[in-house]
Peer 1: 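There's a structure below that I have some questions on.
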Amino acid sequence: MNRGTGGGAVAAGFSLLFFSFLFGPLIIMVITAFNSSSFPRITPWECFTTEWFAVLFANDRLMSGLLNSLVIAVSVVAIAVPIGLAGALALSELSSRLRAVLYTVLITPILIPGVVLGISTIVFWGALGRGVGAEYGSFFFDGMFLTLAGQVTFISAYAMLVFLARLQRFDPILTEAALDLGATPGQAFRKILLPFLGPAIGSATFLTFLASFENYNTTVFTILSGNTFTTALASKVRHGTDPSLSALAVIIIGVTLIGAIVHEAHTRRKEVLRTGIARRSRIYGNPVLKTLVHPLTVFLILAGIAGLATWQGTRHDASVCKQQVLDDKRARQQELLEEQRRKMQEQQKTTAPVSAPAGAAGKANPSPFGGAFSPNGLTPGREEPAPADAPAKANPSPFGGAFNPNGLKPSQ
Amino acid sequence: MPGGNPSGIHQAFPQSVQPFFESVMATKDIVLDHVSIRFGAYTAVDNAHLVIKGGEFFSFLGPSGCGKTTLLRCISGFSDPTEGRVLIGGQDMKGIGPNKRPTALIFQNLALFPLMSVSDNIAFPLEVRGVGRKDRRKRADELLEMIALPGVGDKKVHELSGGQRQRVAIARALAVEPDILLLDEPLSALDLKLRHHMRTELRTIQQQVGLTFIYITHDQGEALTMSDRVAVMNAGVIEQVDPPESIYNRPKTSFVASFVGESNAIEGKVASQAETLVSIETPLGRLQGQAAGGRQYKAGDDCILFIRPEQLSIGDGLPNAVTANWVKEEFEGNSRQLFLEANGVPLRLSRVNLGGTADTRSGAVVPVGFAPDQAIVLPHGVLAGA
Amino acid sequence: MQALQTAFKQIAGKHGLGAATFVGVAVLIWVIFLIALPQIAMLDYSFRFNLPASDVGGPQDVYTLDNYAYFFQGNDGTVNTLDIGILVRTLIAAVFVTCIDILLCYPIAFILAHSATGVAARMMVIGLIVPFWVNEILRAFAFRVLFGATGLINGVGMSIGLWDQPVDFIRADVALYSGLTYAYILLMVFPIFNAVEALDRNQIEAARDMGASWWRVHWRVVLPVAKSGIASGATMVFMLTAGALAAPQILGGPSSLWFTQLIYQWFNESANWQRGSAYAVILLIVCISFVMMLMRVFKVSIGEIGR
Ligand SMILES: Nc1ncnc2c1ncn2[C@@H]1O[C@H](COP(=O)(O)OP(=O)(O)O)[C@@H](O)[C@H]1O
Ligand SMILES: [Mg+2]
C-alpha cells in the first residue's frame, strides 16, 4: 500500500472487507461440505464426514450433464475461438466508420440478456427446421446443437475482445517487414501474426471454455429437455439442496486453486526468464530450487499432496468416523430425536410463519445444543484443515477412484 | 531514359565514377518518373522525378512529414504512385508487391520479429523461400560474421543493444540479397555517440557489398557524411538533387539554403546585377552576393541573401559592412556563437574557439562584414522552420 | 458492399487469400446466422398466435399484437399491473445492484491500480479472478447457505443474541441482491481498473501536494478519468443483472419474481413460446433503450464497452 494515494489504512481495511465478501461465502460453503447435517450449514456442527462426495458422484443427472457440458464446451471452444479471431481481424482492417458499425453488431450478443439469446436461438432454428421440413429428431431440434449455436453467438464476442486487446499491441510494420523480406501474405500471417496471437489464443480458449461450461441463462432454454452440468445443478439447487453441492464446490475450488497456483508459478518463471534476472535470483540460480518452482513440479507437488491427503484422510476417516459413530451413538440418537422435533417445529413455522411458538423454538435451538456442539464444531483439528486441504479431501477414496466417476458407482 | 530529362542529374554525379556505373550497373537504376502520391486531396509527394544510379548511396533529406517515408514505401512496393511510374532496372514496378521487388527495407523502428531468435530473424527471408534449415543456419552465421556479431544467433532480439539490433536488421535485409537497400531513418532511435559510429559503419557496409542504398533522414549530418548524392525534400517537393558539397555550398532554393546548415537570411530587393554579382537593397543597406546557378534577376525582384555564420567576420573596412548590436554570446565548446542584431534583422556569427576569452561587449556596437562571393542570392521563397 | 469488398481485398493483400476468406466466411456466418436472423425470427414469432402444430402455416397463422397487448392489459383489458410491476421492479433492482457494484468496485480498482504494488497487487488480481472460476450456480448456492433460515448469519445472529428468531433474508431479497452484487463484480472492477490505470500517479500526488483532500482528488482528478470505465462496467452489470435468471431462481423470494423468470414461465410452464418471445423482446428493448439513454446522459459511446 502506498502513501498519499489512497490513505493506507483505509485502503487496506477496505480491501480486507472486499475480499472477505468475495471469499467468505465460498469458504463457508466449503466447510459445509464436511458437515453431516443434511442441510448445508456450519453452526449446528454435527459430524465431520465425507459422505457428501459420494452423494455427489452418485447423482446420475449431474454426471451425464457433466459429459454434455464437456462436449459442448469443447465444441464451443473449437468454433468460438476462430470466429472471435475472424471478428477481431475484420475489425482491425475496416475503415473507421464501418468498423464502428461492425463493432456494435458483434458486441451486442454480450449485452443481450442470455435468456433472449436462448429464446431467439431455439425459435430461429426451429422455424428454419420446419421451413426445410426437417424431422423432429434432426439437429434443428437437438438440444446440444442449439446450445452450441446459442453459446457461440456471444462467447465468440468474448474471444474477439481478447484478440482485439492483443491485436492492438501488434505492430503492423512486422507484417510489412515480412512481406518486404519475401514472404507471401499467407506466410506472414502464419509465421508472424499467428505466433504473436499465441498467448491470446490460449487465454481465449480458457475463457470460452469456462464461459460455455458455466453458462446457464442461454443454455437452460437451448438444451430443451436435456441437461448440462449447470442446468442440472440449478434444478437441483432449486428443488432442495444438500451439502453434496458444497462437496462439488470443494472440488471446483480445489482444482481452481491448483490451477491458479500453477499458473502463477508459470508467469513468475516466464517473467524471471524474460527479464534475465534468473542468474542473479537466489531461487532461479539454484538448480534444485529452480526445478522446484517449475510450474510442472509445482503441479505435481500439489497433485501429490492432494492425492496423499486424500489417501490419508480416507484411512483416517474410516476409523475415526466409525469410532465417532460408536462414541456419539447415544448423543446422536438424542440429537436425532430433538432434531426431528425441531424440524417439525420448523416446518410448522414455515407453513405458518406468524405462529408465535416458532420464536420460542428458535430461541431454544442454540442453547441446548450450544454446549454440546461447541466442542465438536470448534475442534480446530477437524474443522480447520477442511478448506486448506480442500483439493485433497475432494476425493476420499471410499468414494473414489477419485477422478473416475464410474469407479464410484458400486459404492452407492 | 523513359520520360523526362535526367541529364542534369547525370552532370551532378561525380565525373570519375560515372562511366563505371553507366556500363556495369545501368540495369539496376531506379527511376522515379514524375511520381506523385496523394492521400485524398493531400499531396504527400509531388512530381518526384529523378534517377538513382545502381551502387549509389543516395539520401532523401527533409524535415519530418515532408513525404520521405511515403516515397520510400512507394519504391519498396507497399503502395503504388497515384501518378507516374517507378522503374527498377528498366522495369515498371506497378502491381508488383513488396515481396517480389529486388528491394529490402529497413524500417524506422527496425521491425525485428520479437518472438524469433536473432538467427531466425536473419534467416526469415530464406525460410519463406523454402531454404532448408541447415543452409539457413549457415547463411545466418555468415551474415552475423559480416556484421561483426558472431555467436549471438541464439539470443532473443530484446537481449541485444540498440546498435546490435541495428546491425541485425541490416543483416536480415541483406539475407534476401537485394539489389537495393532502403533505409528509413534507421539511426533515429540510437543515442548520439552510436549514431555517429553507425554512420561510418553503414557507409563501410555499403562499400563492402556494393549495393544501392537509398537512405532517408531528417538529419543533415547523416545525409551529408554518408551520401554520394542527396535529394532535399520539402512538403512533398524535391527541391534539389546534388552531391553533399554542392548542397551545402551551392543551394538552389531558399529552402535548401536555410535547411542545410546554419544561415543568416537577409531579405531584400534586387537593385542591379553585373555578371553573377547581384546588388540588393536590404534593411541593412545595400549588400552584394553571388547569383546562384548564374540566374539573371530583374531590378525590383524579391530575393534573399544567405550568408553562413562562419563567413561573417568582425572588423572595420570589410566589404558589405554592416553595423550590428551585440545581443549575446553562446559558448559551444569548439566554437563561439555571437548573436547580433542590425535594424531588426537577427544575425549570427560563428568563430572557432582558439582558447581566448569571451567577448563581453554587451550592448556595444560591432562592425561586421563578408565577402560578396561567399554570400548567395536566391529568389524569395519558403525558409526551413518558418 | 463496396466497403466490404475493399476490406476483403485489404485483408487478402495483407494476410493472404486464405485468411481473408476465413475472416469473411466466419464473420458472415456469425453476423447473419447467429446474431441477426435469430433476433428477427424471435421478433416475428412474438407477433404470432400460440397455435397447435397442425395449424402452423394454416389460415389461422396470422400476425397479431395479442402477446404485447397481454403484457400491458392482461386478459381482461385492465392494466396488467402484475407483469408491468415485475418489469419495473427488475429494472429498479438492477439499477440498485449496479450502483452498489460501482461503490464497491471503484475503490478496489483504484487501490489495485495505484496503491497496491508487486506481490500485493498480484494477489489481489488472483483473488479477484479465482472466485469467478466457480460456477455461477454454486456462487448463488453459497449465498443461500449464508442467508438461509438455518444459515450461518441466522445461526450466528441468534447465538450471540442479536435477534431471536430466524430472519427471512430470502423473502426480504437481501440474499438475492447480495448474490447479484457478487455475481458481476469482476465485470465492474476491470473496466474501471483499465481506465484508472491510465492515470499518471504523479497527477494524484501533485494534487495531494497542492493540499487537496483525498475525496477532492478523486472527484476532480480520478473520477473524470474513471468515467468511461464506470460507464462500461455499469452497462455490462446492468444488462447482466436485468437479464439474470439463475440468481433470482435460486435466491429470489417466493413472492417476488424477476422479469426473466416470467419469460421462463411462458416457455417452460405455459408452453407459450410466442408470448415468451414477446416478453423477451420487451425485455431486450427496455434494457437497451435504458442503457442508451444512460449512455447519452453520461456521454459515452458503445465503442467503449468491452475495452
Ligand atoms: N496513409 C496515409 N493517409 C493519409 N496521410 C498520410 C498517410 N501516410 C502519410 N500521410 C501524410 O503524408 C505526409 C508525409 O508523411 P511521411 O512520408 O511519413 O513523412 P516523413 O517525411 O516524416 O517520413 C504526412 O503529412 C502524413 O500525415
Ligand atoms: Mg518517416
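Both backbone and side-chain heavy atoms feed into the values below; hydrogens, waters and symmetry mates do not. Residue numbers start from 1 in every chain, and the chains themselves are labelled A, B, ... in the order their sequence lines are given, proteins ahead of strands.
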Peer 1: Does C/Y264 have its ring centroid less than 6.0 Å away from the ring centroid of C/W258?
Peer 2: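 C/Y264 vs C/W258: aromatic centres not under 6.0 Å.
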
Peer 1: Ion pair present between A/E93 and C/K9, side-chain N to carboxylate O less than 4.0 angstrom?
Peer 2: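 No, this pair does not count.
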
Peer 1: Are A/P25 and C/V145 close enough that some pair of their side-chain heavy atoms sits under 4.5 Å apart?
Peer 2: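 Heavy-atom side-chain distance check fails, nothing below 4.5 Å.
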
Peer 1: What part of A/A165 is in contact with chain C, defined as an atom under 4.5 angstrom from a non-hydrogen atom: side chain, backbone, both or neither?
Peer 2: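 Neither part; nothing is under 4.5 Å.
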
Peer 1: Specify which of C/L128, C/D44, C/V25 makes the most heavy-atom pairs with chain A at under 4.5 Å.
Peer 2: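 Result: the option with the highest number of such pairs is C/L128.
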
Peer 1: Taking side chain as everything from C-beta outward and backbone as N, CA, C, O, which of these in A/F18 sits under 4.5 Å from a heavy atom of chain C? Side chain, backbone, both or neither.
Peer 2: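 Looking at A/F18, just its side chain touches chain C.
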
Peer 1: Pick one of side chain, backbone, both or neither for A/I252, based on which atoms fall under 4.5 Å of a heavy atom in chain C.
Peer 2: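 Side chain only.
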
Peer 1: Is the shortest side-chain heavy-atom distance between C/F141 and A/S246 below 4.5 Å?
Peer 2: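 Yes. Closest side-chain heavy atoms under 4.5 Å.
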
Peer 1: A/E214 side chain to A/A211 main-chain N or O, any donor-acceptor pair under 3.5 Å?
Peer 2: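 Answer holds: no.
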
Peer 1: Is chain C contacted by the side chain of A/L22, its backbone, both, or neither, given a heavy-atom distance below 4.5 Å?
Peer 2: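 Contact with chain C is through both the backbone and side chain of A/L22.
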
Peer 1: Non-hydrogen atoms of chain C under 4.5 Å away: do they reach the side chain of A/L102, the backbone, both or neither?
Peer 2: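 The side chain, not the backbone.
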
Peer 1: Need one label for A/Y158: side chain, backbone, both or neither, based on atoms under 4.5 Å from any heavy atom in chain C.
Peer 2: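 Neither part, no heavy atoms under 4.5 Å.
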
Peer 1: What part of A/T175 lies closer than 4.5 angstrom to a heavy atom of chain C: side chain, backbone, both or neither?
Peer 2: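 Just its side chain gets close to chain C.
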
Peer 1: Please tell me if the side chains of C/V31 and A/L106 come closer than 4.5 Å, counting only heavy atoms from C-beta onward.
Peer 2: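 Side chain of C/V31 against side chain of A/L106, heavy atoms only: contact under 4.5 Å found.
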
Peer 1: Under 4.5 Å from any heavy atom of chain A, what part of C/Y182 do you find: side chain, backbone, both or neither?
Peer 2: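 Contact with chain A involves both backbone and side-chain atoms of C/Y182.
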
